Amino acid sequence: MAFKSLILAIAIMAVLSSMSHASDPSPLQDFCVAVDDTKNAVFVNGKFCKDPKLVVAEDFFKSGLNMPGNTSNNVGSAVTPVNVNNLPGLNTLGISLARIDYAPYGLNPPHTHPRGTEFLVVLEGTLYVGFVLSNPGPNMKNKLFTKILHPGDVFVFPIGLIHFQFNPGKTKTVAFAGLSSQNAGVITIANAVFGSDPPISDDVLAKAFQIDKKALNQAGFGTFEGGDDNKSRGEEDINSELSKAIQDSKMCIIVFSQNYASSSWCLDQLVSILEYKMKFACMIFPIFYHVDPSNLRKHKGSFGEALNRHEEKFKCERVYENNEKEYWEDKLKKWKDALSQAADLAGMVLENQHESTFIKKIINVISTRLSRPALYIASCSIGIHRRARSINSWVQADGSNNSNIEILLVCGIGGIGKTTLAKFVYNLNFGYFEISCFLANIRETSKLPNGLITLQKQLLSILVKNEKVKISSVDEGIIKIRNALCYRKVLLVLDDVDEPDLVEAIFDMKDWFGFGSKIIVTTRHKSLLRPQLVHEVHEVGILYTIEANELFNFHAFGHENNQISKDYYKEYLEEVIEWCRGLPLALQVIGSSLAGKSKNVWRSAIEKLREIPTNKIVDKLRLSYELLEDDHDQNLFLHLCCFFVGMKKDFVVRILDKCDFYTLVGIQNLIDRSLVTIEYVNEITMHQLVRDMGRDIVRREATVDPGKRSRLWHHTDSYNVLRGKTGTEAVQAMVLDMRMIPLIPFRQSPIGFFTAWSSKLGNFCLQDHVRTDAFEKMHKLKFLQFNKVQVNGSYKNFPKGLRWLCWSGFPEECIPNEFPMGNVVSIDMRYSCLKQLWNGYKFLQYLEILDLGHSYELITTPDFSGLPNLEKLILEHCTKLINVHNTIGCLQKLMILNLKDCHKLKILPDSICELKSLETLNISGCSNIVYLPTELDKLISLKELYADGISMTNLEAQTWYSSLWAWAWKGRSPLLSPKIHFPKSLHVLNIAKCNLSSDAFNKVDLGIMTLLHWLDLGGNPINDLPDSIKNLTRLKTLNIAYCTKIKYLEGVPSNVTDVNADGCISLEKVGSCAKGHPVEGYINCINLVEIEGVFKLEPLENVDPQVLANNMGISNLETTMKSTMVSLVFGRVYNAERLRNEYPGFVQDDITSLFSLSPKKLPPQILYHRGVFSTFLPGETVPNWFNYKFTDAAEVYCTLPNNLNSHRTINGLSICFVYKCPEPYTNVGLYDGPAIWLRNQTKDLNWALYPAWFGLPEDDQTGIMWLSYWKVNNNLFEQGDIIEVMGSPQFAEFKELGVKIFYIDEQTENYESNDPFEDILRNDFSDEERTYYICT
């Protein structure tokens, strides 16, 4: 096959000899109209002439050239001829005509007219045309003449010469061609030589072009043939030859046929080729011969079947014994991985095209690839296939926009592997483009004198295939590059770009690129290009943990990856790999530096890395910092590195904006440079090595004297500066946690290089060394972050420019009056020893955040009248707080007030109602409140109210009811019995665990809160839902957890999507409107038997016996019902103590009973959930009724063969899972019971069935048989799909697993039943999501 392909390749590119031609004779009469009738006719030019007396005007007429031809073909063009065959009057006149239509990018392939000259005129669109000269002399041999034609242009193709036309535009083109012959003839070159009937012999072609195997070898082409048939030569000899052949080859061509995977030798060969690929930079070109590449990737179709046969063969040969089992498991894994990798390689797929055309394309691609050198890639590029997959798919995809070119930005921090990925993708794809170019190191080159011109010369030299191109200016280079593109399909990689000019200049030439051209740009700047310049962005991610381990081990322990060495250094491996955080550069540099070193050197190197990162890593990462636009962004970055990683973005913006930063735009610039990321919880994060790089920049400001640095982020440095009083005016920020001072260090389990240190200081008092006069020279100090720090002395000369004061564990009972806080934006004194914040009145105009949370000694709040801009007041867990100052009403900008768990607080001042900006009020857990303001409805901005856990036991009349009653009455007559109204503005309301009965809720009008979307009524002794809840049209989440008296849940608004009814132990039935997912919504509902339309538990005898017999194999129903009782248990959550502590006493008794219940003894039940129904019966083995049985406890992960009848549609699956309980039953959590996992591997769809009710065996010797039927539809399972089933026993022990497949024709009769269970049975489990947790 390879020999034939090479013959064809050279044939296509060979010299074609010129052909003879003839001219039409001159007629000796006016005309000779062609006619088929031989009577009374004269024969001229191969046609009979019509009797002149019978000639009519129609003989000289032809219509229809106004109609376009059909260009829906392989070449995208259509020729509509006008010749003697359809216009008989042309006979003997020596002319003919044709209309030619070209689709966008359509081609009239190379051809000749042996008997006529052609002249072409373009009417519409653009054409790129040309012809090849014959052999007039040595200097003119096969010269190509080309031209671009526009409407009105004419071009002549001389008689007999090979010529072509191509439409390079995105719109159609129309042209008319005239020929100097009534029948010029046409010979399409490729069809004539390679598509003749019968075909020209390969021997003839080989002889004609003087090609044979010997000549190929002499020309440098070598071949290697292998297969199972060669095993007679010895596997060792073949593998040796293969290894040598791969090493000596530039390209390996792998032809994947339907039976490829049936050959174990071919699979071993594939593994070897892929292994050698990275070591020897060998190009791999897969050819998928009537094979879908996805079959290789997903191991389905013939490839899945072949792998299954190999696995069965290994089992039959009993190789699964001792060490042989691991050997063959590893071999199977390598085969599967190799097939998946090969599917991702750029190759060619034969489908819907003639093989000769396909071969021609293959030869063209191979020739192109071999004519261009591949780029070097390091031999150990771990994870590159996975990380390059999406980029490779983008390159291989057809154009998705209206432009000829598409642009992809490959972004990421330094050392992440952007250039390596770009090289890898380039090597896979450059052969598919007419022109391929990789321009490296653009940032560095562009900074050199005439750097941009140098880059233009590199690109132009590739376009024109001439290294000696001349460009004198950038503008001249643009013109020359544009002209050289000539509508060709181009793959262009621009590596390490930092300025957009070059990319934008290239994009301006988009109309000169061929359709399908791709440009890859590697950059550290995510927003390099303007949004108007249409492009896509791919951010390169870090390595997976397993990949990081493999890469580090490769560099640290060499190719052999010695397990003994890894075990020897095990105590350090995890820590150092965690420190690298998946950054390839760091793994390579650190691994190489530690290779061959002793344990002591490893330990010392790690200790150094804690303080001083490796220069090679820092310098690579620092480049992104240096490329920031200005010192503003650089300083912002250093602040974030040292103090704000892991903090909320909103808080950081608030603080830094008050420090003369333009924080929002600055953070966005850092995000664009991949230096900072914002996590989904709106936290500022960055790669640990990027953080360390920034901190190292600060360290280098003064390597010996930390007091001269701008930021003191290291605890020891801060402590030494304060103790030595060496701080200078350079210091802008400082952090010190006394628990991190390493006077008495101890190693914990490795959690990173900044390991926690002991705070045990013995009898030595660290605090004596920190005095206030150490701050005297730090006039620029703006951020102070202390923890457990005792500072002695007067604060009179303390820095006055503080913006952020964070002093956790502040040791004083009151902030001294001389403490300068006039510029402070945020005061954070959580866990302080404060009893009061300060004495008297203080005016702090800039203060926006005051957090005194967990200050357990705080008794009263300060006078708030001097805090006009306070927005957040946090007093949670101030357990001794008894008074909130009445001046709180002055805080007109206050948005958040948090008094959670202030247990001794009894009164909320009426002035709270004056807080017009208040959005969140949290009095959760304030169990001793005796008075609430009566005008809370004045809080017009209130969106969230948390009042759960307020005790009503002893103070009902005095507290909640009286307050709300007075608030609602407001002077009205008590006879009116008004409704109680919460603020209309509420979005969230939590009044759980308040001992509120159904009668109490009848006096509350919930319906007025039309904006409410989250409501928590949990833990209240209600019997049913309040009627007014029906009017909450925007409600999405309803929590009634541990409302233990509710039996029937009805009246839930249809708009509610999440219902939490955990622990509703009396609940038996849920109405149809409740849409809560049973897995999360109804845990511990031990009496629940139905969620209407979703879930149902009922006696097995209620189901049509025919349904049970056909779908589950239960045929003796009466006997089963009479003689069988089954122990059923409802899955429960753990930690009953935690639940008891969370809920009031009236619920605690119910929780106690919940966890002490024994399994229920019931007749056999049927359990239904969303298209799956189950039953649990005593049983020891899978019945013979099931098609497939699996008994190996170690192999519960089973792949079903896919030899399904292609004319039958799968309609259902029945699964039998047999398990037993070797140990006595204990409380089993919901996810700890038995489970069935079902996966359609082909479609990547997954289902997991965790039944809330499940059966328990009678003792540790007997088994339980779980029968389930899964009704499917919507083509979820089709012929050829790979179906995987896993039975997971969890707390139990696996015994057997069985599966039966149903088809539509087998079950038609089932749907004619009038059984009351029929409506439930007809529902399907759907494929709206990727993964489903089906649980009741």
Side-chain angles (χ1 to χ4, degrees), residues 835-837 850-856 858-865 867 870-970 980-986 988-996 1000 1004 1009 1016:
K835 290 186 177 180
Q836 63 179 32
L837 189 58
L850 178 59
D851 189 347
L852 303 177
H854 298 272
S855 294
Y856 301 119
L858 188 69
I859 297 174
T860 183
T861 67
D863 184 336
F864 293 110
S865 59
L867 311 178
L870 191 67
E871 296 181 11
K872 295 176 68 173
L873 177 58
I874 312 298
L875 298 169
E876 65 176 329
H877 292 284
C878 293
T879 52
K880 291 185 179 180
L881 182 69
I882 59 175
N883 178 51
V884 176
H885 202 281
N886 192 55
T887 55
I888 194 171
C890 299
L891 303 177
Q892 292 302 301
K893 292 186 177 181
L894 190 68
M895 299 171 65
I896 297 175
L897 175 58
N898 188 345
L899 296 166
K900 181 180 180 181
D901 291 327
C902 293
H903 299 308
K904 291 193 175 183
L905 185 65
K906 295 184 177 181
I907 298 174
L908 285 184
D910 288 328
S911 59
I912 282 182
C913 300
E914 300 172 11
L915 300 175
K916 303 300 183 183
S917 300
L918 190 66
E919 295 182 358
T920 301
L921 174 61
N922 191 337
I923 54 174
S924 171
C926 296
S927 52
N928 286 299
I929 283 186
V930 298
Y931 177 78
L932 291 174
T934 59
E935 296 184 339
L936 288 176
D937 57 343
K938 289 185 177 181
L939 297 175
I940 57 177
S941 299
L942 192 65
K943 295 180 180 179
E944 300 179 14
L945 174 59
Y946 301 93
D948 52 301
I950 295 179
S951 176
M952 301 296 164
T953 306
N954 300 320
L955 300 170
E956 267 187 9
Q958 184 180 357
T959 60
W960 182 269
Y961 290 126
S962 62
S963 298
L964 292 179
W965 197 263
W967 167 27
W969 282 82
K970 294 182 182 176
I980 296 173
H981 300 285
F982 286 99
K984 298 179 181 180
S985 57
L986 282 179
V988 174
L989 175 61
N990 186 345
I991 49 176
K993 297 175 285 188
C994 291
N995 200 18
L996 297 172
V1004 178
M1009 296 178 288
D1016 191 346

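As the structure is a computational prediction, the values presented were derived from the model and not from experiment.
Of all heavy-atom pairs between Asn990 and Ala992, the closest is OD1-N, 3.1 Å. Nearest heavy atom pair, residue Pro933 against residue Pro909, reads CG-O, 3.5 Å. When every heavy atom of Met1009 is checked against every heavy atom of Leu989, the shortest pair comes out as CE-CD2, 3.7 Å. When all heavy atoms of Cys994 and Ala947 are compared, the pair lying nearest together is SG-O, 3.3 Å. Contact record, Thr879 with His903: CG2-CD2, 4.0 Å, taken as the closest heavy-atom pair. Nearest approach of Pro862 to His885, heavy atoms of both residues: O-CB, 3.3 Å.
For the atom pair CG (Leu894) and CG (Leu870), the distance works out to 5.5 Å, reported to the nearest 0.5 Å. With values rounded to the nearest 0.5 angstrom, Glu919 atom CD is found 7.5 Å from Ile896 atom CD1. Taking CD from Glu871 and CG from Leu850, the interatomic distance works out to 13.0 Å, rounded to the nearest 0.5 Å. The distance from atom OG of Ser985 to atom CD of Glu944, rounded to the nearest 0.5 Å, is 11.0 Å. Rounded to the nearest 0.5 angstrom, Cys902 SG and Ile882 CD1 are separated by 12.0 Å. Between atom SG of residue Cys913 and atom CG of residue Leu939 there is a gap of 5.5 Å, rounded to the nearest 0.5 Å.
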Go through the steps to decide whether Asn883 and Ile859 satisfy the test side chain to side chain contact (heavy atoms under 4.5 Å, CB included), and finish with yes or no. CA-CA 7 Å; Asn883 178 51; Ile859 297 174; over 6 Å; no

Go through it in stages, so that I can follow the logic: the residues are Thr920 and Tyr946, the test is side chain to side chain contact (heavy atoms under 4.5 Å, CB included), and I'd like the CA-CA distance, side-chain angles, deciding distance and then a yes or no. CA-CA 8 Å; Thr920 301; Tyr946 301 93; 4.1 Å; yes

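Considering only heavy atoms from C-beta on, Ile907 comes within 4.5 Å of Val930 through its side chain. Here the side chains of Asp1016 and Asp948 are not in contact, with every heavy-atom distance at 4.5 Å or above. Using a 4.5 Å heavy-atom cutoff, the side chains of Ile912 and Leu897 are in contact. Residues Leu899 and Leu881 have side chains in contact (heavy-atom distance under 4.5 Å, counting atoms from C-beta outward). In this structure, the side chains of Thr861 and Leu837 stay at 4.5 Å or more apart for every pair of heavy atoms.
A donor-acceptor contact closer than 3.5 angstrom links the side chains of Asp910 and Tyr931.
In terms of modelled atom types and a separation under 3.5 Å, the side chain of His877 and the main chain of Tyr856 share no donor-acceptor contact. Using a distance-only test at 3.5 Å, with no hydrogens or angles considered, a donor-acceptor pair links the side chain of Thr887 to the main chain of Phe864. Although no hydrogens or angles enter the test, the distance criterion places a donor-acceptor pair under 3.5 Å between the side chain of Ser917 and the main chain of Gln892. The main-chain N or O of Cys878 is never found under 3.5 Å from a side-chain atom of Ser855 such that the two would form a donor-acceptor pair. Using modelled atom types, no side-chain atom of Asp901 and backbone atom of Glu876 make a donor-acceptor pair closer than 3.5 Å. With hydrogens and angles disregarded, no donor-acceptor distance shorter than 3.5 Å links the side chain of Glu914 to the backbone of Ile888. Checked by atom type and distance alone, the side chain of Ser911 pairs as donor or acceptor with a backbone atom of Asn886 at under 3.5 Å.
Remark: Lys916 NZ is packed, more than 12 non-hydrogen atoms of other residues, nucleotides or ligands lying under 6.0 Å away.
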